[in-house]
Amino acid sequence: MNAREFIERIKIVPVVKIDDVKDTDALMNALCEGGIPIAEITFRTSCAPEAIKIASQKYGDKMLVGAGTVINAEQAKLAIQNGAQFIVSPGFAKEISDVCNKAGISYVPGCVTPTEIMAAIACGHKIIKFFPASNYGGVATIKALSAPFGDIVFIPTGGINANNINDFLAVKSIIACGGSWMVKDSLVKEGKFDEIVKICKEAVSIIGG
Ligand code: 3PG
């Protein structure tokens, strides 16, 4: 199963920020236990490459591990070297696209305008992170963008939670939603991994998984 198929099947992409690399194991385990075996491990903390390495080595056979908040080619290379199976960035960057295309790794760039989407299409990308989704018009904007870009699928992220996820997933061109609501910083810091499992299970049940 490739990254897109995996994401289409699970329908939720947890956006994970790991402050202490020691939490990686418990957090990945909680996502798997909770039925959302995907992690977009963000380069918002310096331990991201190490966390990606641990996650992909230990959980790579049962979960899809990718990198998020990748903002340059250097981070993209580092993420791929450490086992990331997909790369997400908040915007579109040609230099990241080039690294991913060369490595044969899926790149999910953040785009919110037709021009940005056209730049992504020109580099061969078909999965768009619509970010920050709620600020840029949410469902209505994605529906409008889906008309001219029939081939494109979206992973809206930013402001999505258990209360509104089904509004997004009801749109045909939306294959999954991203978000951090099930992996809140405070829960990770306090070691409340059982709570993370619970919120994940609730999310899975809400989307009818
Ligand atoms: C991201 O980078 O994808 C977002 O910060 C996630 O958005 P959320 O925290 O509103 O879910």
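Residue indices begin at 1 and follow the sequence shown. Source: prediction; values computed, not measured. Whatever order the structure lists them in is the order used to number ligands and atoms, beginning at 1.
Contact annotation: the side chain of Ile7 approaches that of Val13 to within less than 4.5 Å [non-hydrogen atoms, C-beta and beyond]. Residues Lys184 and Leu187 meet the side-chain proximity criterion, which asks for heavy atoms closer than 4.5 Å. Between Asp20 and Cys47, the closest side-chain pair of non-hydrogen atoms is not below 4.5 Å. Counting heavy atoms from C-beta outward, Thr157 and Pro132 have side chains that stay 4.5 Å or more apart.
Using cut-offs of 30° and 60° for the angle between ring planes, the Tyr136 and Phe130 rings count as perpendicular.
With hydrogens left out, the protein atom closest to atom 4 (C) of ligand 1 is Phe131 CE1, 3.6 Å, a heavy atom. The protein atom (non-hydrogen) at minimum distance from atom 1 (C) of ligand 1 is Arg44 NH2, 3.2 Å. Scanning the protein for heavy atoms near atom 10 (O) of ligand 1, the closest one is Gly159 N, 2.8 Å. The single protein non-hydrogen atom nearest to atom 9 (O) of ligand 1 is Ser180 OG, 2.6 Å, given as residue, atom name and distance. Closest to atom 6 (C) of ligand 1, if we only count protein heavy atoms, is Thr157 CG2, 3.7 Å. Of the protein's heavy atoms, Gly158 CA, 3.5 Å lies nearest to atom 7 (O) of ligand 1.
Close contacts between ligand 1 and Gly179 involve ligand atoms 11 (O) [criterion: under 4.0 Å to a heavy atom]. Atoms of ligand 1 lying under 4.0 Å from any heavy atom of Lys129, numbered from 1 in the order shown and given with element: 1 (C), 2 (O), 3 (O).
Because its NZ or CZ atom is both nearer than 6.0 Å to the ring centre of Phe131 and within 45° of the ring axis, Lys129 counts as a cation-pi partner of that residue.
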